[in-house]
Amino acid sequence: MDRRGFLKTLAAALAAGSARVIAVEFDPFPPAPRLGKPLSPVGERSRFEAHVRRYISPNLPSLHTGAAFAPISELDGIIHPGGLHFERDHAGVPEIDPKKWRLVIHGLVERPLIFDLETLMRMPTESRIYFIECAGNGQNGYREPPEPTLTATRSRGLVSGAEWTGVPLRILLEEAGLKPEARWVIAEGADASAWVRSIPIDKALADVLVAFRQNGEALRPENGYPVRLVVPGWEGSIQVKWLRRILISDQPAMSKGETSEYTDVRPDGTVDAFTWVMEPQSIITRPSGGQRIELGFHEIRGLAWSGFGRIARVEVSTDGGRTWQAARLSEPVLDRALTRFTFPWRWDGKETVIQSRAIDEKGNVQPTREEFFRRWARNNRYHYNAIQAWRIRSDGGVENGDPPLAGTRLPPLAAGGCGGEVLDG
Amino acid sequence: MVRVLPLLVLVALALAFAERLGLGRELTPEELRAYDVTPVVLPDGRGLPEGEGDYATGFEIYAFECASCHGPNGEGAPFDRLVAAEPFSPELPPHRFAIGNYWPYATTLFDYIYRAMPFQEPHRLSADEVYALVAYLLVENGIVPEDFVASRETLPKVRMPARERLRIDPLTRELYPWVELP
């Protein structure tokens, strides 16, 4: 729309009295009249930011299993502060004294080994920026009809980005010496549920980190203090936190976390095991559900990521999906990391639907809701990565704009599982 | 399998010749046993401890240790349903997935209960008690007859209905063609 056309619709919208244009109110905002707070050994957030918190569903039957969503509606950037990184626990957060921490590597190895934290920290390290995403991210998308009050945080907040520093798992396996029959790395956590997951040996040797730093500091307890696995691009539940043991095996464990949970149902009733790689995602975080916008210019902002590699392109539609345009990707665009995208936009006061879709460097395209449910069953719980649409109402309010599925006769389905608002395990 | 073996062989060779840092300390078998408090149980039964348990014993332990969270008959309130009320179907809502219609391996039951249940105070029950609970839950789910005795020998042989529907994700098959389901 050209400027004249824009002004015309603007005038019309104002006449209709629907959308708002709020002029900036004058405030003299003088410099501080006296000394501020003294130096502090540990910095804290401004008290005015106290409302920016992880979202925890009020419906969880227990706060010891469930998820806290990163408040992505209110954050920008590809690195999340430690205290706002999403959290998913299955038996609470253990308190681990780093002096007591030990890691044992045993099974199909030449020599079973035990490490303490000091020894681990002497070893060669790597630092990488990766996203970690719970397989249950997007689970609210399984609700049908779509929930109008959904926010970006509740839609896709089970993802976070961080810089992880640790010892490549390969180096630890070299120390123990793999036997030729070694095929699986079975990792166990030191939480009360002694969480167990199996990783194929070639992935373990390729790029898995035994991480002890998150954004340069020690891991947050909720993220595995003192040591966790980081398994780039794969579902979060395999990135075992509070790591205490690595068993080298010729068979996977088929643990509860890779059978009863984190398996995926297809429309024909087949259940897929080992759905490891996180497929491309993107979400507009601003403007997004629950926010309210005014007439005129807005930078549309969001995040995109893919477990297959770098984000190649993000496309944005501001007209309900009729036309799509390329968004600008903010550098750095990293392999299996969150990528920021921006798109300049003027809102003319008319109701519309905005949405984004991600395409990764391997050519994988984020699906529509319809496309998604052709691949996965309605009662599946994980790996929901369909496009999230936001409806801008004519009063500027933003709400879930996802289309209901055509021709479904199924009753409303509440989501369950990891971080679902109704937890079913 | 054949196609990827060369890769694994190369990997093994690379590791065999890699220079070790000489860090970490070798564990004695006694130390390893003391560390292995929550043994990883594999579908072929490796990792299962000695012991056994039956339905009647499991029934009593269940009422005392588990019913408050999983329901007197495993119907799942406030926490997960343990006894399936119907066979699996794509219309079944996820909160009705349970052992009888969704769990593909009986060995997982022992592994999980031994390492993680009861929720608030886990890895406290003896192997015999957990075998009894597994027997109880398998019977309640209609998978084995009431005289079934759960043990290291019997559990790996139990066929679970959900195993028929389990397969490897096609994408994973492509990336890791050697991966097989036990």
Side-chain angles (χ1 to χ4, degrees), chain A residues 61-62 64 91 104 106 111-115 119 122-123 171 173-178 180 183 186 188 192-194 196 200-202 205 245 247 249 251-256 259-260 263-265 267-277 377-379 381 410 413-414 416-417 422 424-425, chain B residues 4 7-9 11-12 15-16 18 20-27 31-32 35-36 38 40-44 46 78-81 88-95 97 99 102-105 107-108 111-112 115-116 119 122-123 162 165-172 175-176 178-179 181-182:
Chain A
S62 160
H64 290 96
V104 160
H106 69 124
R111 55 199 91 74
L113 291 178
I114 185 163
F115 293 86
T119 311
R122 281 169 62 186
M123 303 181 78
I171 293 179
L173 299 182
E174 281 168 5
E175 288 302 291
L178 290 179
R183 290 291 177 279
I186 300 176
E188 179 187 68
S193 83
V196 162
I201 198 84
D202 18 12
L205 293 169
R245 175 149 70 129
L247 169 66
S249 167
Q251 221 185 27
M254 304 318 286
S255 65
K256 191 264 276 197
T259 53
S260 165
T263 46
D264 288 75
V265 187
D268 67 357
T270 306
V271 176
D272 283 4
F274 304 147
T275 39
W276 292 318
V277 184
R378 288 280 314 284
N379 65 351
R381 291 171 285 175
L410 293 173
L413 194 64
V422 181
D424 75 1
Chain B
V4 240
L7 172 89
L8 290 172
V9 169
V11 160
L15 289 186
R20 294 182 51 223
L21 303 170
L23 294 177
R25 177 173 72 73
E26 201 158 339
L27 273 173
E31 287 173 330
L32 189 52
Y35 200 87
D36 197 9
T38 45
V40 173
V41 175
L42 301 179
D44 64 9
R46 276 177 289 168
F79 295 113
D80 310 39
R81 171 179 276 278
F88 183 83
S89 81
E91 280 77 44
L92 195 65
H95 66 271
F97 296 4
I99 294 162
Y102 203 83
W103 285 52
Y105 302 95
T107 46
T108 310
D111 176 272
Y112 182 66
R115 72 175 53 253
F119 191 52
H123 26 91
R165 282 192 326 278
L166 194 72
R167 61 161 192 188
I168 293 169
D169 173 51
L171 174 69
T172 293
L175 296 173
Y176 302 93
W178 61 268
V179 167
L181 284 177

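- The contact between B:Leu27 and chain A is made by backbone and side chain atoms together, counting heavy-atom distances below 4.5 Å.
- The 12-atom threshold is not exceeded at NE2 of A:His64, counting heavy atoms of other residues, nucleotides or ligands nearer than 6.0 Å.
- B:Pro104 is not listed as a side-chain neighbour of A:Met254, based on a closest heavy-atom distance of 4.5 Å or more.
- Between B:Arg165 and A:Gly269, the closest heavy-atom pair is CD-O, 3.0 Å.
- Contact check for A:Asp272 versus B:Pro170: side-chain heavy atoms found under the 4.5 Å cut-off.
- Under the 4.5 Å side-chain criterion, counting only non-hydrogen atoms from C-beta, B:Glu31 is not in contact with A:Ile114.
- Side chain of B:Arg20 to backbone of A:Glu175: a donor-acceptor contact under 3.5 angstrom is found.
- Heavy atoms closer than 4.5 Å to chain A are found in both the backbone and the side chain of B:Leu42.
- Among A:Val196, A:Val104, A:Val265, A:Thr270, the residue with the largest count of heavy-atom pairs under 4.5 Å with chain B is A:Val104.
- Of the listed residues (A:Pro267, A:Pro252, A:Ala377), the one with the most heavy-atom contacts under 4.5 Å to chain B is A:Pro252.
- In this structure, the side chains of A:Asn379 and B:Phe88 come closer than 4.5 Å at one or more pairs of heavy atoms.
- A 4.5 Å side-chain heavy-atom check between A:Trp276 and B:Asp169 finds every atom pair outside the cut-off.
- Taking the side chain as every heavy atom from C-beta outward, A:Glu188 and B:Arg115 approach each other to under 4.5 Å.
- The two atoms that bring B:Trp178 and A:Pro200 nearest to each other are CZ2-CB, 3.5 Å, heavy atoms only.
- The two residues B:Leu166 and A:Ala273 come nearest to each other via the heavy atoms CD1-CB, 4.0 Å.
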Side chain to side chain contact (heavy atoms under 4.5 Å, CB included) for B:Phe119 and A:Ser62? Distances and angles first, verdict last. CA-CA 11 Å; B:Phe119 191 52; A:Ser62 160; 3.8 Å; yes
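- Between B:Val40 and A:Arg245, the closest side-chain pair of non-hydrogen atoms falls below 4.5 Å.
- Residue A:Val271 comes nearest to B:Tyr102 through the heavy atom pair CG1-OH, 3.5 Å, listed as atom of the first residue, atom of the second, then distance.
- With a 4.5 angstrom heavy-atom cutoff, A:Ile186 touches chain B only via side-chain atoms.
- Contacts of A:Ser249 with chain B are made by side-chain atoms alone, with heavy-atom separations under 4.5 Å and no backbone atom involved.
- With B:Thr38 contributing its side chain and A:Ala194 its backbone, the two residues share no donor-acceptor pair below 3.5 Å.
- Of the listed residues B:Trp103, B:Tyr105, B:Tyr35, the one with more heavy-atom pairs under 4.5 angstrom with chain A than any other is B:Tyr35.
- The minimum heavy-atom distance between B:Pro43 and A:Gln251, with the atom names listed, is CD-OE1, 3.5 Å.
- Residue A:Arg122 qualifies as open at atom CZ: its count of foreign heavy atoms under 6.0 Å is 12 or below.
- Listed for the A:Thr119 side chain is no donor-acceptor partner under 3.5 Å among the backbone atoms of B:Gly24.
- Heavy atoms only, all atoms of each residue included: A:Arg381 and B:Pro94 are closest at CD-CB, 3.5 Å.
- Across B:Val41, B:Leu181, B:Asp44, the residue that shares the most heavy-atom pairs under 4.5 angstrom with chain A is B:Asp44.
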